Each structure stands twice: as structure tokens, then as C-alpha cells.
Amino acid sequence: MSAAAAVQPLHLPPRHLAGLVTAILALQLLLILSARSLPPPRLRLLQNRPPVPPTSAPAASGPCAAGLVYVYDLPPMFNKVVLAACADLNPWASRCTALSNGGLGPPAADLAGVVPPHLLPSWYATDQFAAELIFHRRMLAHRCRTRDPSAAAAFYVPFYAGLAVGRHLWSPNSTSGDRDRDCALLLRWIQDQAPWRRSNGWDHFITLGRITWDFRRSREGDWGGSFLYMPGMENVTRLLIERNPWDGKDVGIPYPIGFHPRTAAEVKEWQRFVLGRSRSTLFSFAGAARALFKDDFRGLLLGECQRAGRKCRSVDCGGGRCGNRSAETVSLFLDSTFCLQPRGDSFTRRSMFDCMVAGAVPVLFWRRSAYVQYGWYLPGGEEWSVFIDRTEVRSGAVSVRGVLEGIGAERAKKMREKVVELIPRLVYAAADGGLGEGMEDAFDVAVDGVLRRFRDRQRRSGEGGTVLGKVRRGEEGTMGTWE
């Protein structure tokens, strides 16, 4: 008998067949209810956690150990077109010359006879608001740049926001909408990019070439733009020449000044030059009185300088006399042991960096002028500076001359040595690849700091997301958390 013939159909009485069907349906229902009681998949448990940036694969050690950087190729309207309109960025004069040479500006020919002849080619008439151009140029040649966004640990946004907003700051007919338009369009564009969607901007950074307050308009009709208050910017790390000490996403970077060395050897030669220079003036001040300001502190310092006679020299920078020209101020600081640095239009001044690169010790009167500004660049304490309480100067309880004379020659020498030691970190190299020989300039310090910040944040978020959770609740923004 064949196997096929051996198979007989199964015949069940109707009542037994109904019972079998009922049993099968009951078993299916039991399986469905059991599945619902099981824990959800791991993926669902992670849905409410902050996004973790994609893992990059740099070498375990070496210059790119902290990760690789992807530089966005933005639509030209966000950088190239803005720069091309350089003649219209300022209502008084063209800024094309000032922003030439990749942001370095024109050669500083007026420094002939002031600096060593073979270092003169490394001096430029640099605009203090040129950081966006300098960083963009250097980022394109950075040793850790990747053209593969999936391999990047950080994403750089080369938007010239300072130029875009700045061109409307002084125009009599500009509106709040004019100052915000380019920034809003940039955010609309970048929020549609895959890297941004993955991280919501946590691993993105940008250079803003003006002070933070120029991007923090809180009310319609007030000064500046509102870029930093726009939805989306709350997670982005920003490099600024003046930061908000209460916002942990702001990172203070040095103002661009005129010295742009090409090699580490040039830096070392400049350090020897300024350290060995004979200084005939105890203290100096480059600036202008503010006659319209009540109890103008600058005017008070100028008066004290005049009373000090040969102990003090000053350069009156009224009417924009100093501007981007270097000869008078560099000569002044090269001959001075100390330089007075009251606050400027805001709490910080480019003059402090001019002073320090010339090897003079800055004298500060507001702690927000440096101590809570440039934590990635300047050590804590006052080993490189002098702090004098301005209220005591105003009241006559102390005199600037008295405080500085009381420091003594030996201590002043040690302070100057510390200032000179810091010089490499305060200048932006002219060479696209940096200074070489392992010497970091201001650009290197900033980018390395950003990469370390993102790496550490990613590691801690991988341990449970607690750091990102704290950041989201605003705990990162306390003064000194990052700097």
C-alpha cells in the first residue's frame, strides 16, 4: 500500500470539531495577551533619551584622537555673498581692504622700524571683527577635517553672522527683521540637514565675529539681532570674542590682532624680542575719554596718567584714530611694563590682547573683562595680570601708580614672563596649517577645546544621558561650568 493511500482523512463529530476550534482561538488570545505583558524592545526604551551623535573613528591617539570635523558647504548667501558686499557692510566706509587676505587684512607697513624687519611680513592691519573669516579659512585646511559627515564628531557652520548682522547695526533705516533675516534663513537651512536632525545641534559649533550681546536682542526695536535666542541655537557651541558668562554654550576666544606668525620659530623669536626689550614706561593707556558718560572711568584714568608724568604714556584713540593701525599702540605697549585696560564699549577690549602680545602686563578693573571670558586661554588667578577695584580708584582710596609701583621689579618681571609664555595661544597663525612644532595658536586651542567638549559629552551621555539631561534643564549655563 502506498503512503498516499495510507493517509486517511480525519472525521470528527460536529460537537468535537467546534471544541477544537474554540481551543485554538483561546490559545491565540492567550499568546497575544502574553506578548503585551513582555518588556518593550530596547529601541523603545531609548526613544526619550537625548540623541547621541554618530560615533567617529579617529585614531586612538594623535592629533585627531578627539574626533574629526565636518565643515558644511553652505549656500553662498551665508558667507561668500556677504563678504562680496564688503563695500556696503559699513555705512561710513568700505570694509573690503580690512577683510582682505582671508581676514588678516592688508600688511601693516606702518610698523616698519617698530618690529624686527624679518618679522614685519607677519604683521597686518587686522580688523577686530574678522574671526569668522579666519576660522573658516583655517577649518578648510584643518588636519582633522573630514568630508564624510558620518565620520565626524563635530560639525562646523561657516556662517558669517557677525558680518550679516553687523551691516544692519548702524543703518538708520534697518529694522529688527533686517538684522534677523539671514540668521533665520540659516537655521531653516541647517535644520533640514541630516547631521543636525540626528543631534539637534548638540555637536555643532560656529564662530561669531562680534560680541555675544550683538546677537541677544530680547525685545523688538532693541540693539542687535536675536540669533542666539532663536529656536535651534540653544544647543550650538559658539566661539565669540566676548561671551555671556552665564551661558555655557558661549566660549570666549581672543580678539584678532595684527600679529599673524607663520611658524613656531617666528613666535619664539618674537617672544625673545619682547622679553628682552627695555621698558622705559611704568604704565600706559591707549583709548579715548567718553565725555558723554557720567563719571567716565576712562577719563579718570587719562587724568591719572597725566599726573604720573614720565611714569605713564597714553595714546588718544578718539575719533577712531587707532582703528586697525598698529604703530602707535604697538610702540606704546612695547615700551610699557603695564597697560591699563578698563572696559570698552562692552566688558572686553581688543587692546588687552595688543598689550599682552607686546609683552606688557594688563591692568584690569572689571573681572568680566577677562577672568570669566577666556578660560580656555588664560590661567586662573592673577599671575599674568593686575586687578584693581575701580571703586577704590574712583574714591581715591588707591592710585593706579601707587599699586603698580608697589609690585616691585622682580614680581613684575615674573608676570611679564608669564604673559610672554601665553603669546602663542593669543595669536592666529597666517599659515593654513598652523604654527607647527606642536605649538598651538588661538585657533588650535578653540577647535581642540570644542572636540574635547563634544567627546566628553558623548562619553557621558553613553553612560546614561545624565549630562545631556542636566544641560537641557539649564544647569550647564552657570558661570564657570565650562570655562
Side-chain angles (χ1 to χ4, degrees), residues 50-51 53 69-72 74-75 77-79 82 129 131-132 135-136 139 152 154-169 176-220 222-253 346 373 446-447 449-451 453-454 457 461 467-479 481-483:
V69 184
Y70 179 80
V71 181
Y72 279 103
L74 298 182
M77 66 174 291
F78 296 120
N79 42 46
V82 176
F129 299 129
E132 292 160 352
F135 270 78
H136 191 188
M139 285 302 312
F155 297 83
Y156 184 68
V157 184
F159 172 37
Y160 297 170
L163 299 184
V165 173
R167 62 182 166 181
H168 298 295
L169 290 178
S176 297
D178 293 331
R179 297 191 291 274
D180 289 343
R181 185 176 299 109
D182 293 324
C183 299
L185 289 172
L186 179 281
L187 284 172
R188 186 182 306 171
W189 182 87
I190 204 166
Q191 286 171 340
D192 195 40
Q193 307 306 307
W196 180 283
R197 292 198 303 269
R198 283 198 301 267
S199 71
N200 200 26
W202 285 107
D203 49 8
H204 286 55
F205 69 111
I206 188 172
T207 304
L208 302 179
R210 303 187 67 90
I211 64 174
T212 189
W213 314 109
D214 289 341
F215 305 96
R216 292 181 179 273
R217 189 191 71 249
S218 56
R219 294 182 301 178
E220 189 72 17
D222 283 356
W223 172 265
S226 62
F227 189 31
L228 296 185
Y229 290 143
M230 291 182 180
M233 283 302 294
E234 64 273 9
N235 297 333
V236 178
T237 293
R238 321 103 184 196
L239 308 176
L240 302 119
I241 52 178
E242 178 175 322
R243 67 183 290 261
N244 176 358
W246 293 276
D247 188 337
K249 293 297 188 302
D250 279 8
V251 175
I253 60 173
S346 62
Q373 287 292 339
V447 176
V450 167
L451 286 169
R453 169 184 281 197
F454 291 171
R457 181 183 292 153
S461 67
V467 171
L468 291 182
K470 290 181 180 179
V471 170
R472 182 167 291 176
R473 293 192 298 271
E475 297 174 20
E476 183 190 36
T478 55
M479 187 185 297
T481 300
W482 293 107
E483 297 195 68

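Computation of the quantities below employed the complete heavy-atom set of this structure, encompassing side-chain atoms and omitting hydrogens, waters and symmetry-equivalent molecules. None of the values given here were measured: they were computed from a predicted structure.
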Visitor: Mind listing the closest non-hydrogen atom pair of Leu208 and Ala161 along with its distance?
Guide: CD2-CB, 3.6 Å
Visitor: Mind listing the closest non-hydrogen atom pair of Gly225 and Val165 along with its distance?
Guide: N-CG1, 4.0 Å
Visitor: Report the residues that fulfil side chain to side chain donor-acceptor pair (under 3.5 Å) with Asp182, sequence neighbours left out, ordered by chain and then residue number.
Guide: Arg167
Visitor: Should the pair Phe205 and Phe454 be assigned to parallel (<30°), tilted (30 to 60°) or perpendicular (>60°) ring geometry?
Guide: perpendicular
Visitor: For Asn200 and Asn235, work out which heavy atoms get closest and say how close.
Guide: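 Residues Asn200 and Asn235, closest heavy atoms: O-ND2, 2.9 Å.
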Visitor: Could you pull out all residues at least two apart from Phe129 that satisfy ring pair (Phe, Tyr, Trp, His ring centres under 6.0 Å)?
Guide: none
Visitor: What I'd like to find out is whether the side chain of Thr207 reaches to under 4.5 Å of the side chain of Met139, using heavy atoms alone.
Guide: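 A side-chain contact under 4.5 Å is absent here.
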Visitor: Rounded to the nearest 0.5 Å, what separates atom CD in Gln193 from atom OH in Tyr70?
Guide: 8.0 Å
Visitor: Show the numbers, then the answer: is there a side chain to side chain contact (heavy atoms under 4.5 Å, CB included) between Ile190 and Phe159?
Guide: CA-CA 11 Å; Ile190 204 166; Phe159 172 37; over 6 Å; no
Visitor: Apply side chain to side chain contact (heavy atoms under 4.5 Å, CB included) to Met233 and Arg238, showing your working.
Guide: CA-CA 9 Å; Met233 283 302 294; Arg238 321 103 184 196; 4.3 Å; yes
Visitor: I would like to know whether Trp196 and Val157 meet side chain to side chain contact (heavy atoms under 4.5 Å, CB included); could you show each step before the answer?
Guide: CA-CA 11 Å; Trp196 180 283; Val157 184; 5.7 Å; no
Visitor: Mind checking what makes side chain to side chain donor-acceptor pair (under 3.5 Å) contact with Asp192, not counting sequence neighbours?
Guide: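 Asp192: no side chain to side chain donor-acceptor pair (under 3.5 Å) contacts found.
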Visitor: So does His168 get a backbone contact from the side chain of Asp178, meaning a donor-acceptor N/O pair under 3.5 Å?
Guide: no
Visitor: For Gly252, is there any backbone N or O sitting under 3.5 Å from a side-chain donor or acceptor partner on Gln373?
Guide: no
Visitor: State which residues pass ring pair (Phe, Tyr, Trp, His ring centres under 6.0 Å) with Phe135; sequence neighbours excluded, sorted by chain then number.
Guide: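 Phe135 satisfies ring pair (Phe, Tyr, Trp, His ring centres under 6.0 Å) with Tyr428, Phe443 only.
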Visitor: Any side-chain heavy atom of Asp203 sitting closer than 4.5 Å to one from Pro195?
Guide: no
Visitor: Tell me, with the steps shown, if Leu186 and Leu74 meet side chain to side chain contact (heavy atoms under 4.5 Å, CB included).
Guide: CA-CA 9 Å; Leu186 179 281; Leu74 298 182; 4.1 Å; yes
Visitor: With sequence neighbours excluded, what pairs up with Asn244 under the side-chain contact (heavy atoms from CB on, under 4.5 Å) test?
Guide: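 Asn244 satisfies side-chain contact (heavy atoms from CB on, under 4.5 Å) with Thr212, Trp213, Arg216, Trp246, Asp247, Asp250 only.
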Visitor: What residues, two or more places apart in sequence or in another chain, satisfy salt bridge (Lys or Arg N to Asp or Glu O under 4.0 Å) together with Arg188?
Guide: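 Scan of Arg188 (salt bridge (Lys or Arg N to Asp or Glu O under 4.0 Å), adjacent residues dropped) gives none.
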Visitor: Applying side-chain contact (heavy atoms from CB on, under 4.5 Å), can you list everything that pairs with Ser176, at least two apart in sequence or on another chain?
Guide: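 Result, side-chain contact (heavy atoms from CB on, under 4.5 Å) vs Ser176: Arg179, Arg217, Glu220.
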Visitor: Is a donor on one side and an acceptor on the other found under 3.5 Å between the side chain of Glu242 and the backbone of Ser346?
Guide: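 Looks like no, no N/O pair under 3.5 Å.
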Visitor: Between CD1 of Ile211 and CG of Leu240, what distance do you get to the nearest 0.5 Å?
Guide: 9.5 Å
Visitor: Can any side-chain N or O of Asp180 pair as donor or acceptor with the backbone N or O of Ser226 at less than 3.5 Å?
Guide: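 Yes.
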Visitor: Taking all atoms of both residues into account, what is the closest heavy-atom pair of Val71 and Pro158, and its distance?
Guide: CG1-CG, 4.2 Å
Visitor: Quick one: pull up CD1 in Ile206 and CZ in Phe215 and give me the separation to the nearest 0.5 Å.
Guide: 8.0 Å
Visitor: Which residues pass the side chain to side chain donor-acceptor pair (under 3.5 Å) test with Tyr72, not counting sequence neighbours?
Guide: His204
Visitor: Test of understanding: with side-chain contact (heavy atoms from CB on, under 4.5 Å), list the residues that count as partners of Glu234, not counting sequence neighbours.
Guide: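 Glu234 satisfies side-chain contact (heavy atoms from CB on, under 4.5 Å) with no other residue.
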Visitor: What residues form a ring pair (Phe, Tyr, Trp, His ring centres under 6.0 Å) with His136, not counting sequence neighbours?
Guide: Tyr160
